[in-house]
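These notes concern the structure reproduced below.
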Amino acid sequence: MARRPRKIRRRRLLWGSALGLLLLAIAGCAVYIYYIDRSVTLQFQGRRWTLPAQVYAAPLELYAGAPLSMTDLVAELARLQYRMSAKLDRPGTFRRQDERIDIALRATRFADEMRPAQMLTIVAGARSIEALRDGSGHDIPVLRLDPLLIGSIFPTHGEDRIVVAPADVPALLPAALKAVEDRKFDTHHGVDPEAVIRALWVDLRSHQIAQGGSTLTQQLVKSYFLDSRQTMGRKLNEALMAMALEAHFSKSDLMNAYINEIYLGQDGDRAVHGFGLASQFYFGKPLGELDLAELSLLVALVRGPSYYDPRHHPERALARRNLVLKLMVDLKVISPEDAASATSRPLGVTTRAAGAYYPSYLDFVRRTLRRDYADSDLTQEGLKIYTSLEPRAQDEAEQTLDRELARLERSRAATTASLDGAVVITAPASGDVIAIVGGRRIGYSGFNRALDAARPMGSVVKPFVYLTALETHRYTPASIVQDAPVDIRMSNGTHWRPLNFTRQIYGPVPLVRALAESMNLATVAVGMDVGVTHVAQTLQRFGLERAPAQVPALLLGAVNATPLDVAQLYTGLANGGYRMPLRAVRTVLSASGAPLKAFPLQLTAIADPEVVFEVDEMMQQVIERGTGRAARGVLPRDVVVVGKSGTTQDLRDSWFAGFSGSHLAVVWVGYDDNRPTGFTGAAAALAIWSRVLADLGTTSWSAAMPESLNEVSIDYFTGLQIEGACANADTIRIGVPPSTQLAKKPGCIAAAAPSPAGRLVERLRAIIQQ
Amino acid sequence: MIVRIAILLVVVVLAGCRSLLSSERPPSAAVETPTPTAPSAAPAPAAPVPAPTAPVRQFRLGSAASALVTQAHARVAAGDYAAATATLERALRIEPENPLVWIALGRVQLAAGNAAQGDSMGHKALGLGTGDPNAQSAAWHLIADSLIARGRNQEASTASARADALVPH
């Protein structure tokens, strides 16, 4: 009797707890789904892709007279991925007819304005632009081409993207994605059961979980919310999340999110996300300009960006692209004729080497901005950064460095590709840094020698020794100094006995020749006379950040500087005694285009223009007669440039620094491990320096002589004043202060050189005649 | 203030034109109609190498730089000094050795409250303008105004006097 009720009771308990458990499970499930739904919705609603800052090069300025040939213009348009098209039917195209080029310019945002798409006609001669006209044939005085996108500053996890708005997306792209990835996208609720069953069947047969069966929404969820591991639990989660998204967001919202989110390639540390960036990464132009074949290739990549990488596996990529085209025909998205013509097209991806990717320069941009911005601002806020980079100069410098280093190595049968170097090029008048090459491996973001290789300056320091001497007004460029043995007792009791590079002793020489031929003994004599302390102060005044050790060896360049430091120091010499901070960044805009920060040009007077002019003229003789002579064989005869070579102990560092009217360049060559190179500054760095300047079509250094100086003729070797008929090949003309008394070369008849009073009369007459 | 700066900028442009008008070249080489054979970007120094007697030069703005100075002028009138500066820096990249561009840039710096830069740019223009009394006079005027803005009236009147000595009113 007692057993039955107990049994019933037990059964009831069992049912009860089962029911309870079930209810609990249902409640748990409901809570879980609610939780998923809420969190997915909230996260997605407030979605903000982290937007790496986009970095732009300086736009090319076009105007009548600009020194750009037709070849230069076509090369620049190619760099900007403008396409030749006779029809000229959309922005980003151009056509060429003899000396005339018509361009359909893209709408472009510059640092200071937004310019709508417009037509432009350029008439170009052999060496310069002759005329610019707008679409209706009116002359345009000046106009900029688009600034080239040169890269972005992405976070350490490497996700880089360019977000596109639905209006920027060609209608064909969503259609193609649906055709290839998710035919029922418009009607399903996040999952496509039929596709799942089909995929499951394949999975079961192959005993592994393969890709497939995922809707676009599921792919979006996986990329946006989950990591890439594929487990059954995750699959379920993914499906739930996809359904949640579908319940709350429109199909067009989801499609746009997908287009911006999906992973489409890898570039070193950088993960290429979204079709906007992929378009730039593979084709170098905006998504809106892609044709059917190009768009189909990007769609093909969705399935496996590395497996179908068009740069590494072009056959696979081509086969899959053509499959995408075929699927689009099957679904009547495109006509068979269009597909056939697209199928016959090559892949058309840009090559990496020609791509706009300048890590050394970007490195400098990043360092400049770190002073003002947190890393997260740079990597997440979508800033637009406008720089001074000139792609033409940068490409030229990169190629010349590698080519010349290879030539030097061949000449010495040196170990291949271990000699390295760096190049910095600036526009001296504005302080714009237009090119930075941090090493020989182009496009490789390793050790940036231009910014980080702090090496002894060697003789490139000498102009500052002579400048300090001229500032005392006890010296002029024509002063006679003694190049004689030097013996300096150091505070620790040792003796310093430097030698000339040639091991020769030259005796009395004019200051200009001592600098031109880089005489060590004469330089030390002058430097010791004016004081090492003063020379050190001069260097700091011109922009050397660290105070150099005040030892006599400073006079011969025992002070470490990077190529960028040297460029900063020489800027004051190129600018008539004004220092200006070297700038890579001109302007920073917010994601919406509001100006955030500008780096305007800033001048600080640091030396008398007269003294700087004298030093510059002395450096002109370095090129004409001194250690820089070899440059004359490379540069056009009539182009005046000034500069100074530098070589350090045992030929470890080879330097050349100098400038023309339009460019200032610093070149360093050496080994990273500081081995001797076997090359002087004149042998290695100068060859690169002069080749780069020649290829850039640099203009003459043509500073006007300050009115407070007097031009005299002297004998280069002796410094004796030359008058009238005595002038010969050794005579140089040089500016000196008017009070300068010069010894005259004996045996010459004094010609009628105008006296200061005579000059004044001449000037007054000239003014009156106006 | 803005109006004053705008007027000063116009003066700068006119200074370029005036020096042109006073030259012996026919007026067909005016700023508005550059001859296609002579690249308008380059200032026309009387001699490439400084001769013992200081050559008399007449700087003028090429058509590109002239258009940019005019645009900068409009931006100053709108109170946007940063944009005006950016525009003048474009002109400077085209004609880095033309003192008239430096004077225009210095004027904007001065207007934007950066008198020290106005002063420096005036001196820079003075050096570049060697041999051109009009350009040098305009540079001295900029220096004088920059000195006044910094309360250095004594030096300013000296600078003004030098400007007037070069080009009397």
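Chain letters run A, B, ... following the sequence lines, proteins first and then strands; every chain starts at 1.
Residue B:Asp80: no heavy atom, backbone or side chain, is found under 4.5 Å from chain A. No part of A:Pro609 comes within reach of chain B, as not one of its non-hydrogen atoms sits under 4.5 angstrom from that chain. Contact of A:Arg586 with chain B is made through the side chain alone, with heavy-atom distances under 4.5 Å.
The environment of CZ in B:Arg162 is sparse: at most 12 heavy-atom neighbours from other residues, nucleotides or ligands sit within 6.0 Å. Atom CZ of A:Arg127 is surrounded by 12 or fewer heavy atoms from other residues, nucleotides or ligands within 6.0 Å.
No other option in A:Ala598, A:Gly577, A:Ala429 has as many heavy-atom pairs under 4.5 Å with chain B as A:Ala429. Contact count versus chain B (heavy atoms, under 4.5 Å) is highest, among A:Thr587, A:Asn575, A:Leu62, for A:Asn575.
We find the OG1-CD distance between B:Thr87 and A:Glu113 to be 7.5 Å, quoted to the nearest 0.5 Å. Annotation: the span from A:Asp432 atom CG to B:Glu89 atom CD amounts to 7.0 Å, rounded to 0.5 Å. Summarising the geometry, atom OG belonging to B:Ser63 is positioned 9.0 Å from atom CG belonging to A:Leu132; distances are rounded to the nearest 0.5 Å. Of the inter-residue distances, the one linking B:Thr85 atom OG1 with A:Phe599 atom CZ reads 14.5 Å to the nearest 0.5 angstrom.
Partners of B:Gln71 under the side chain to side chain donor-acceptor pair (under 3.5 Å) rule, at least two apart in sequence or in another chain, do not exist in this structure.
With respect to the salt-bridge test (charged N to carboxylate O, under 4.0 angstrom), the residues B:Arg90 and A:Glu61 qualify. By the 4.0 Å N-to-carboxylate-O rule, A:Glu390 lies too far from B:Arg93 to be salt-bridged with it.
Between the side chain of A:Glu707 and the backbone N or O of B:Thr130, no donor-acceptor pair lies under 3.5 Å.
Minimum interatomic distance between A:Ala704 and B:Arg57 (heavy atoms only, all atoms of both residues): CB-NH2, 3.3 Å.
Scanning residues 115-124 of chain B against chain A with a 4.5 Å non-hydrogen threshold yields B:Gln117, B:Ser120, B:Met121, B:His123, B:Lys124, sorted by number.
B:Glu97 and A:Ser702 share a side-chain donor-acceptor pair at under 3.5 Å.
Put simply, the side chain of B:Trp102 reaches to within 4.5 Å of the side chain of A:Leu601, judged on heavy atoms.
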